[in-house]
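Comments concern the structure below.
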Amino acid sequence: MEELSSRYRPQDVEDKWRQHWEKNNLFHAVANPKKKPYSVVIPPPNVTGILHMGHALNNTLQDILIRYKRMKGFETLWMPGTDHAGIATQNVVEKQLAKEGKTRHDVSRKNFLERLWAWKKQYGDTIIHQLKKLGSSCDWQRTRFTMDDGYSKAVKTVFVKLYEKGLIYRGKYIINWCPRCHTALSDEEAEHQDHEGALYYIRYPLKDNPKETIIVATTRPETMLGDTAVAVNPKDKRYKKLIGKTIVLPLMEREIQIISDEFVDPAFGTGAVKVTPAHDPNDFEMGKRHNLEFINIFGPDAVLNENTKEFNGLDRFKGRETVIKKLKNLGLLEKIEKHSHAVGHCYRCDTIVEPYLSKQWFVKMAPLAKPALEVVKKGDIKFYPDRWTKVYLNWMENIRDWCISRQIWWGHRIPVWYCKSCGEEKFIVSQEEPKNCPHCNGKDLSQDEDVLDTWFSSWLWPFATLGWPDEEKDVKYFYPTSALFTAPEIIFFWVARMIMAGLEFQKNIPFTDVYLHGTVRDAKGRKMSKSLGNAIDPLEIIEEYGADALRFSLIMNSGQDLFISKEKFEIGRNFANKIWNASRLIFMNITEVDGKTLYKEFEQLDKKKLSLAEKWILSRLQTTIKKVGEAIEKYRFSEAENLIYDFIWKNFCDWYLEIAKNELKEKNAQVVTLYVLEQTLRMIHPFLPFLSEEIWQKIDAENGSIVTQPWPQYQKELVSQKIETELDQIIGLISALRNTRAQWRIANSAKIDCILQSSEEGVLKNLEKDKDMICALARVENITVQKKTVKPKEMAAGIAEKVKFYIPLEGIIDIAKERKRIDEHLDSLKASCQNLSERLENKDFLKKAPEQIVSKEKMRLKEMKEKIQELKKTLKDLS
RNA sequence: GGGCGAUUAGCUCAGUUGGUUAGAGCAUCUGAUUUACAUUCAGAGGGUCGGGGGUUCGAGUCCUCCAUUGCCCACCA
């Protein structure tokens, strides 16, 4: 076989295999009734996105399962695509415009959208290319975008259907308004952050007697300009007399009433609340209950408007300052207290959102939530880890209506038209643009200016990407999908809504499993972000260490949240190199067998005649295959990697290959070794796709790709606990010998001999058989195996499982030191022996513990006592 | 304010129905190279499992209180 470089160089191979896979269409899935489907939809990254560690983790997890299931024989579909990400993308292009000194209003809507599409065309595929570099085995020819023509049709269909069902309505309500993005946001899009703010206490004078005042407390004093009442609790004795009285609102000189409302908490602030129905959701409700006036004091950019007299034109924060200053001058500012409270921020630009009264479109959620609650309660959909179930249920049980209209241009235009002569109230909801008004037959129609929330398209992802509503074939076959992989932050935005949409429009759940992975953080625990400058670029890691190293390292030894520093990726790089070099060693020695004949040769081997090490590695391999498969199925990725790592590095390289090295001239050894390597490559392919393909191709270049090979089948008949124990005992002995050498500082080159003594015939027989192996691995020249006890003279001595060993060290050994060394070993043995015998003397233990445990412990005690006796004897003999 | 999680070696984490002397990787220390791999090998040190109390023959694992910490949700102005 060909010679390989002494280091694995991912840069040389990854592009090659990526192209090979794509060219041969290996990731393409088609509805195939003869096979079982396994499908996953990618959480569509934003078109603005570039690959970050969160994506790398998310897609690595998906790819592991996808590749595994594909090898397991499922018709496996991983549906890729991108999200138009309304506000986020619009912001990017607006920034570009800003550089030219323009706003979107300076160019027309049409021109602005053209720019956006151009931008999408130029940059929108960046993340797709980056996902490919990671090794993601998506069905790329199916790649979808949430603003594809077909996808638009799905969105319109859903809007119309929900409207016709009475689940979409339009109305004037308080919504979260981002004054920078100039749009409404849903409740989920307003992120609450704690703010160290202030509570301002303001005096409102009564009309009858201006010297008498009622004090209200507020965190947003500027909103007083829009106050249309003051409310107190009807039970509050302090204020009972004042209910119904009139106040002259300072600065505005507006007369407003003191009203009573149960909502008011007498214990908070002063127990009197200023009521601003147009700028606070509670006040809005109160306003409706008491028929108050709704005065809007802000324009769309949160600048005070003409309703605020002299304050007109001031920004909200400047307005706050000015209002406070003026109130202070009037002697109406009672006090300012520090007050920390949560303030909503726009999830796209982090601007503080303003509760804002405006006409928007909403989805009535309760009827959709009900079945979505049921399917999770019944267990039709499972969350991993399970604790997220509660989070989901809790949100669903308290669900609020969803504001879906956005005052931006990039997105799905709301499929609603207004007739100029009939007015806004008689709107037309339709998938197609209506030619004339159904009410008056008029032709002067205009479409609603707003677009839909991005998530109003994403929530259809699991079936809209499969061709719904036009094509049923793939929906029938691949829907419901199997698993969804995403971050917990997205449960409400996306996961919950997909479940609702799936149940509503497909009458079926969109997926059965939801796997929620953690957040990628830096070593200090901070979220990785560009602005913090602590982000590690996955592409840089791919460049330097390889995609496999990136993938493997991300998962290895990671908990729910991942703490990443650059060094972390060395583990994957080193591991890949280890596998590479093990393969090199094997290839350098293989002469009698090749990929074409391997399986046949292995079949024909007389397994009983194999060496201990060969039987051992075959048994270990099977155990590992079984456990890795189980771990993947249970989404225990880190565990699966640990199993793989231990098997390859410790079992296969450190022990098996070290033992087999000298015997690789024999055909049987070659067959076994190559077989284990080949099976191992298949086993690790989902985790290390490029490396496994590169090496596998060198074994079997004529058989296509490892991508479509079956994942190893667990073969129980190759497992033997007896064999595993036997070699494990030898390993124990060799380790003890090495340890002794190290303690006596005997150079590897120094020749030593060794006497192994045991009273058991079986053990002696095995030792005799495995003598050469022990010699080689413990670097011992000659081994004498004997039943007769030894009187050590100038010897180091010790005890391993059922075997005593002696190493003559004439002239080297210091008897006093050696006694001390053995003494220490003895002490630790005695300690655990003590512990054990106490337990076995406990009557309750003997009575209540299961028989199995008791007899096991008795065995152990017996063995330990024997060991102690032997060591004591050695110590006595030592002179 | 409510809910959820975490706390095990210097660091990152395993430890799945309670049952050997609590494991791994990294880091540290000691030593090794006529070659599969220094991205390596051998060996060593390092933990009263956050604290108190409890249940049990037996607790890292179950219960309870406390501490520290993280996350999510929430219309107390």
Side-chain angles (χ1 to χ4, degrees), chain A residues 4 6-8 174 192 199 216-220 223 231 263-265 267-270 272-276 280-285 339 341-342 355 385 387-388 390-391 394-395 398 488-489 491-492 518-519 523 525 545 549 556-565 567-568 570-589 634 636 638-639 642 645-646 649-650 653-654 657-658 661 735 738-743 745-749 777-779 828-829 831-833 835-836 839 842-850 852-854 856-857 859-860 864:
Chain A
L4 306 184
S6 72
R7 281 191 187 177
Y8 174 53
I174 299 263
H192 289 272
L199 197 54
V216 296
T218 179
T219 53
R220 294 186 296 152
T223 61
F263 165 78
V264 181
D265 175 4
F268 187 86
T270 60
V273 185
K274 57 188 277 308
V275 184
T276 322
D280 182 280
N282 296 313
D283 295 7
F284 175 77
E285 293 301 324
H339 182 69
H341 60 133
R387 70 188 136 94
W388 296 108
K390 266 192 250 170
V391 176
N394 182 52
W395 187 75
N398 299 293
E489 298 101 89
I491 293 178
F492 308 141
T519 310
Y545 293 162
M556 182 86 175
N557 285 347
S558 297
Q560 181 65 15
D561 278 355
L562 287 81
F563 300 87
I564 305 286
S565 58
E567 298 81 66
K568 166 129 194 180
E570 287 173 5
I571 192 170
R573 179 198 57 178
N574 296 356
F575 186 48
N577 190 57
K578 187 73 182 175
I579 298 168
W580 178 258
N581 271 292
S583 309
R584 250 181 93 203
L585 169 69
I586 294 166
F587 293 163
M588 286 191 303
N589 286 282
K634 283 187 281 184
R636 299 176 69 107
S638 180
E639 182 178 310
N642 265 304
Y645 189 89
D646 282 355
W649 204 304
K650 295 182 177 168
C653 294
D654 286 351
L657 285 181
E658 287 303 325
K661 241 178 199 175
S735 296
R738 285 172 174 173
N739 181 313
T740 310
R741 276 189 84 117
Q743 296 203 23
R745 303 206 171 276
I746 298 156
N748 276 352
S749 50
L777 295 177
R779 289 173 183 278
S828 80
L829 276 176
S832 24
C833 184
N835 193 308
L836 243 185
R839 195 177 316 163
N842 185 329
K843 278 176 197 154
D844 283 329
F845 175 71
L846 295 173
K847 205 163 59 189
K848 292 179 184 172
Q852 234 185 340
I853 300 288
V854 177
K856 210 165 121 195
E857 299 286 62
M859 256 308 245
R860 274 183 54 224
M864 214 174 288

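Every heavy atom of this structure was used, including side-chain atoms; hydrogens, water molecules and symmetry mates were not.
At least one side-chain nitrogen or oxygen of A/His339 sits closer than 4.0 Å to the OP1 or OP2 atom of B/rA77. For the pair A/Lys650 and B/rG25, the criterion of a side-chain N or O lying under 4.0 Å from OP1 or OP2 is met. The phosphate of B/rU12 has neither OP1 nor OP2 within less than 4.0 Å of any side-chain N or O from A/Ser565. Dashed line: the shortest gap from a side-chain N or O of A/Trp580 to OP1 or OP2 of B/rU39 is not under 4.0 Å. Residue A/Arg7 places at least one side-chain N or O under 4.0 Å from the OP1 or OP2 atom of B/rU39. Close to B/rA38, at under 4.0 Å from its OP1 or OP2, lies no side-chain N or O of A/Arg573.
At least one donor-acceptor pair under 3.5 Å links the side chain of A/Asn581 to the backbone N or O of A/Ser6. No side-chain donor-acceptor contact under 3.5 Å links A/Asn577 to the backbone of A/Arg573. At least one donor-acceptor pair closer than 3.5 Å links the side chain of A/Arg741 to the backbone N or O of A/Arg779. The backbone N or O of A/Met556 sits less than 3.5 Å from a side-chain atom of A/Lys568, completing a donor-acceptor pair.
Out of B/rG43, B/rC57, B/rC37, the shortest distance to the side chain of A/Asn577 is found at B/rC37. Distance from the side chain of A/Met588 is smallest for B/rA36 among the nucleotides B/rG31, B/rA36, B/rC73. When each of B/rG43, B/rC4, B/rA24 is scored by its nearest atom to the side-chain atoms of A/Arg387, the top-ranked nucleotide is B/rC4. With B/rU40, B/rU21, B/rA77 as the choices, the nucleotide that has an atom nearest any side-chain atom of A/Phe263 turns out to be B/rA77. Side-chain atoms of A/Asn574 lie closest to B/rU39 of the nucleotides B/rA36, B/rU39, B/rA77. Residue A/Asp654 has its side chain nearest to B/rA42 when only B/rA77, B/rG31, B/rA42 are considered. Closest to the A/Ala849 side chain, of the nucleotides B/rC57, B/rU39, B/rA24, is B/rC57. The side chain of A/Arg860 sits closest to B/rU20 out of B/rU20, B/rA77, B/rC37. Of all nucleotides listed (B/rA24, B/rC4, B/rC37), B/rC37 comes nearest to the side chain of A/Ser6. Closest to the A/Ala742 side chain, of the nucleotides B/rG43, B/rG25, B/rU40, is B/rG43.
When each of A/Phe575 and A/Asn739 is assigned the nucleotide of RNA chain B with its nearest heavy atom, A/Phe575 is the one assigned upstream, toward the 5' end. Mapped onto RNA chain B by nearest heavy atom, A/Leu657 and A/Asn557 fall at different nucleotides, with A/Asn557 at the one closer to the 5' end.
Not a single donor-acceptor pair, N or O on each side, falls under 3.5 Å between the base of B/rA42 and the side chain of A/Glu658.
Taking atom P on both B/rU61 and B/rG52, the two are 12 Å apart, rounded to the nearest angstrom.
Between the side chains of A/Asn398 and A/Asn394, a donor-acceptor pair is found at a separation under 3.5 Å. A donor and an acceptor atom, one from each side chain of A/Asn835 and A/Arg839, are located under 3.5 Å apart.
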A correct dot-bracket answer for RNA chain B, with pairs being Watson-Crick or G-U at under 3.5 Å, [ ] for crossing pairs and | for inter-strand pairs, is (((((((..((((.....[...)))).(((((.......))))).....(((((..]....))))))))))))....
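The structure places CD1 of A/Ile853 at 13.0 Å from CG of A/Leu846, a figure rounded to the nearest 0.5 Å.
Within the 4.0 angstrom heavy-atom criterion, no nucleotide atom of any strand lies near A/Glu285. Within the nucleic acid shown, A/Arg636 comes within 4.0 Å of at least one base atom, counting heavy atoms only. Looking at heavy-atom distances under 4.0 Å, A/Lys661 makes contact with a base. Using a 4.0 Å heavy-atom cutoff across all strands shown, A/Ala342 reaches at least one base atom of the nucleic acid. In this structure, A/Arg220 reaches neither bases nor backbone, as no heavy-atom distance under 4.0 Å exists between it and the strands shown. A/Pro355 comes within contact range of no nucleotide atom at all, as no heavy-atom separation falls under 4.0 Å. Within the 4.0 angstrom heavy-atom criterion, only backbone atoms of the sugar-phosphate kind lie near A/Phe563; the bases stay farther away.
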